[in-house]
> 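First, the structure itself, so that you have it in front of you.
Only this structure's heavy atoms are used, side chains among them; waters, hydrogens and symmetry mates stay out. On a predicted model such as this, the values are computed, not experimentally measured, just so you know.
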Amino acid sequence: MAPSSTRGSRPSRPAAPRLPMSPFSSAQVRDSGWASENFMLGAGMVIIQRSTHKIVIIYDTKGKYWFLPRGRKDVGESLETTALREAYEESGYRVTSLPLFTCTHAPSPPSNPGARRRLNTESLYTTITHWSSGGNRSVPGEYMTFWYAGQIPPDAVHETGTGMPNEQTYTSHLYTYQEAILCLCGLERRVLEYVWDTYVFTLEALRKLNKADEADANGEGKTEGHGEDQDGTEAWYIDQDLIFRENENTVNTMASGQSNGTSSRTIVDSRNDQPSHPPLRNPNSNPNPTTRTIVDSRIAQSTTVGPTSPVFELTSSRTLAL
C-alpha cells in the first residue's frame with residue numbers, strides 16, 4: 001500500500017463563518033498563516049494616572065492626529081517590554097505596568113495556581129492591520145499589536161526628547177476618558193474602550209473585596225473573594241466564571257428606557273460631553289456621536305469640562321458577582 005502524504009495529519013475542516021464576538025471585538029477571522037517576512041509584532045499601552053483617572057494620549061503636531069503610544073517589537077524584546085519602552089519614548093512619561101483583573105483564557109502556571117483570577121499585567125487587546133508592498137517593504141503583510149495597561153504616579157514628571165528623531169513633534173496630554181475617546185478613531189478607540197472598562201471594573205472589584213476584608217476583620221467569616229495560596233500567602237482572587245458575564249437583561253432594559261426604577265444606573269448621552277481639544281484625527285467624523293454609555297451612579301465621579309459639561313469618568317459595562 002502506497003504511503004499517503006496526509007496519513008496521520010489532522011483532517012481539514014470547512015471554513016468557519018465569521019462569527020460575532022463580544023461588543024468590544026471585531027468578528028472572527030478565518031484560519032490564516034503568515035511567514036515572518038509577512039508579519040510584524042508590536043505593542044502599545046493605555047496609560048492611566050490613577051490619582052485623577054485621566055489618560056495619556058498623544059498628538060502629532062505635524063501629522064495633526066491623535067494616537068496611543070505603540071510601536072514595533074525589537075529583536076529579542078518581550079511584548080510587555082516593548083509596550084513600556086514605546087510608552088516612555090512617545091509620551092515622555094516613565095510608565096509602569098498597571099495590574100488589573102482581566103478576562104483571559106491564559107491558564108495559570110503550575111507554580112502559581114489561581115494566577116488568572118488575580119491582578120495581572122497580561123495583554124488586554126490585540127489589533128491587526130495590514131501594509132501594502134512598496135517603500136522599504138517589498139511584500140505586503142500583517143501588523144499585530146498587543147495592547148497593555150500602564151500607569152503613572154500623581155507626581156509624574158514629563159520628559160522631553162525621549163522619542164526617535166521623527167517623533168519630536170509628539171505632544172502628550174492628560175485627558176479624562178470622555179475627552180480621550182472623542183480624540184481617538186478606529187481601532188484605537190476600541191482599545192481605549194476595553195482597557196477603560198477593565199480598569200473601572202477592577203476599581204469596583206477591589207472596592208468590594210476591601211469591604212469583604214473588613215467583614216473578615218470584624219469576625220463575620222471568610223468571603224468568597226478572600227483566601228490563601230498553597231504556600232499560605234494571603235491573596236485576593238475573583239471567580240472568572242462569575243464576574244466576566246455581562247448582565248444583558250439589565251443593559252437592554254435600560255437602553256430601551258424600560259427601567260422599573262430599582263436600578264441605580266442611568267444612561268448618559270455622550271453628545272452632552274464635548275471637550276475642548278485640537279482637531280480630531282478624522283475631520284469628517286461626526287462631532288456628535290450617538291453612542292450611549294451605561295453609568296453606574298454608585299461609583300461614577302463627575303468633573304467639569306467647560307462651564308456646563310459633566311464628564312462621568314468611572315463607567316463599566318460588566319457585572320460584578322462575588
Side-chain angles (χ1 to χ4, degrees), residues 42-74 77-102 119-125 145-184 188-189 191-200 202-203 206 273 275-281 301-306 311-315:
M45 184 161 275
V46 175
I47 307 170
I48 300 174
Q49 187 177 52
R50 294 180 62 189
S51 60
T52 62
H53 304 301
K54 289 187 176 182
I55 299 157
V56 177
I57 58 173
I58 302 169
Y59 184 69
D60 184 352
T61 58
K62 182 179 179 181
K64 307 297 182 185
Y65 66 94
W66 294 94
F67 63 96
L68 298 170
R70 74 279 193 262
R72 288 179 293 173
K73 184 182 85 69
D74 291 343
E77 187 178 43
S78 71
L79 288 167
E80 188 169 1
T81 300
T82 300
L84 290 168
R85 173 179 57 77
E86 292 288 345
Y88 171 65
E89 291 178 355
E90 297 189 350
S91 76
Y93 288 106
R94 294 190 179 273
V95 182
T96 58
S97 297
L98 175 58
L100 299 173
F101 288 125
T102 64
L119 293 168
N120 63 76
T121 58
E122 293 292 305
S123 176
L124 292 164
Y125 207 93
T145 304
F146 295 81
W147 296 89
Y148 295 81
Q151 61 183 333
I152 56 174
D155 58 349
V157 177
H158 181 263
E159 302 177 27
T160 59
T162 56
M164 303 294 285
N166 63 341
E167 298 172 344
Q168 297 306 307
T169 56
Y170 295 173
T171 58
S172 295
H173 302 263
L174 270 170
Y175 278 172
T176 65
Y177 169 74
Q178 291 285 6
E179 292 173 316
I181 204 70
L182 289 175
C183 294
L184 298 173
E188 290 193 7
R189 177 176 285 191
V191 171
L192 177 55
E193 288 174 345
Y194 186 71
V195 174
W196 178 257
D197 193 83
T198 305
Y199 169 67
V200 175
T202 298
L203 293 181
L206 290 175
D273 303 328
S276 174
H277 52 68
L280 302 180
R281 175 182 292 190
Q301 296 180 356
S302 65
T303 59
T304 299
V305 178
V311 176
F312 293 87
E313 295 187 345
L314 300 181
T315 65

> What are the two closest non-hydrogen atoms of Gln151 and Pro99, and how far apart are they?
NE2-CD, 4.0 Å
> Decide side chain to side chain donor-acceptor pair (under 3.5 Å) for Thr162 and Glu159; before the verdict, give the C-alpha distance in whole Å, the side-chain angles of both, and the deciding distance to 0.1 Å.
CA-CA 7 Å; Thr162 56; Glu159 302 177 27; over 6 Å; no
> Thr82 side chain to Ala43 main-chain N or O, any donor-acceptor pair under 3.5 Å?
no
> Side-chain contact test, heavy atoms from C-beta onward, threshold under 4.5 Å: evaluate it for Leu174 versus Ile152 and give yes or no.
yes
> Does the side chain to side chain contact (heavy atoms under 4.5 Å, CB included) test come out yes or no for Thr198 and Phe101, once each step is laid out?
CA-CA 7 Å; Thr198 305; Phe101 288 125; 6.0 Å; no
> Please identify each residue that fulfils salt bridge (charged side-chain N to carboxylate O under 4.0 Å, His left out) with Arg50, with sequence neighbours left out.
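Result, salt bridge (charged side-chain N to carboxylate O under 4.0 Å, His left out) vs Arg50: none returned.
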> Would you give the length of the straight line joining atom CD of Glu86 to atom CE of Met45, rounded to the nearest 0.5 angstrom?
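Answer for the CD-CE pair, Glu86 versus Met45, is 10.5 Å.
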> Salt-bridged, Arg70 to Glu188, with N to O below 4.0 Å?
yes
> Nearest heavy-atom pair of Val95 and Leu84: which atoms, and what distance?
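Nearest pair, atom of Val95 first, then Leu84: O-CD2, 3.6 Å.
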> Has Arg72 got a side-chain atom pairing as donor or acceptor with Gly42's backbone, closer than 3.5 angstrom?
no
> Output yes when a side-chain donor or acceptor of Thr169 lies under 3.5 Å from a complementary backbone atom of Asp60, and no otherwise.
no
> Between Leu100 and Ala149, what is the shortest heavy-atom contact and its length?
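Residues Leu100 and Ala149, closest heavy atoms: CD1-CB, 3.7 Å.
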> Could you tell me how the ring of Tyr125 sits relative to the ring of Tyr194: parallel (under 30°), tilted (30 to 60°) or perpendicular (over 60°)?
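Plane angle between 30° and 60°, so tilted.
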> Which distance, rounded to the nearest 0.5 Å, do you find between the CD1 of Ile58 and the OG of Ser91?
5.5 Å
> Nearest heavy-atom pair of Cys183 and Ile57: which atoms, and what distance?
CB-CD1, 3.8 Å
> Is a side-chain donor-acceptor pair under 3.5 Å present for Glu122 with Tyr148?
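No, Glu122 and Tyr148 have no side-chain donor paired with an acceptor closer than 3.5 Å.
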> Between OH of Tyr59 and OH of Tyr170, what distance do you get to the nearest 0.5 Å?
13.0 Å
> Please tell me if the side chains of Leu68 and Trp147 come closer than 4.5 Å, counting only heavy atoms from C-beta onward.
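The answer is yes, as the side chains (C-beta and beyond) meet within the 4.5 Å cut-off.
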> Find out whether Glu80 and Thr121 are in side-chain contact, i.e. whether some heavy atom of one side chain is under 4.5 Å from a heavy atom of the other.
yes
> Side chains of Thr171 and His173 only: does a donor on one sit below 3.5 Å from an acceptor on the other?
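The criterion, which ignores hydrogens and geometry beyond distance, is satisfied for His173 and Thr171.
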> Students often mix this up, so state it plainly: with edges at 30° and 60°, are the rings of His53 and Trp196 parallel, tilted or perpendicular?
perpendicular
> Show the nearest heavy-atom pair for residues Tyr175 and Ala180, with the distance to one decimal.
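Closest approach of Tyr175 to Ala180, heavy atoms only: CB-N, 4.0 Å.
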> Where do Ser172 and Tyr93 come nearest, in terms of heavy atoms and distance?
CB-CE1, 4.1 Å
> Go through Lys54 and Ile48 one step at a time and tell me if the side chain to side chain contact (heavy atoms under 4.5 Å, CB included) criterion holds.
CA-CA 6 Å; Lys54 289 187 176 182; Ile48 300 174; over 6 Å; no
> Please report the interatomic distance CD(Glu167) to NZ(Lys62), rounded to the nearest 0.5 Å.
12.5 Å
> Residues two or more places apart in sequence or in another chain: which of them pass salt bridge (charged side-chain N to carboxylate O under 4.0 Å, His left out) with Asp74?
Arg85
> Among all residues two or more places apart in sequence or in another chain, which pass the side chain to side chain contact (heavy atoms under 4.5 Å, CB included) test with Ser51?
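With sequence neighbours excluded, Ser51 shows a side chain to side chain contact (heavy atoms under 4.5 Å, CB included) to Gln49, Pro154, given in chain and number order.
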> Are the side chains of Glu193 and Tyr177 in touch, meaning some heavy atoms are under 4.5 Å apart?
yes
> Any donor and acceptor pair, going by atom type alone, linking the side chain of Glu179 with main-chain N or O of Thr176 inside 3.5 Å?
yes
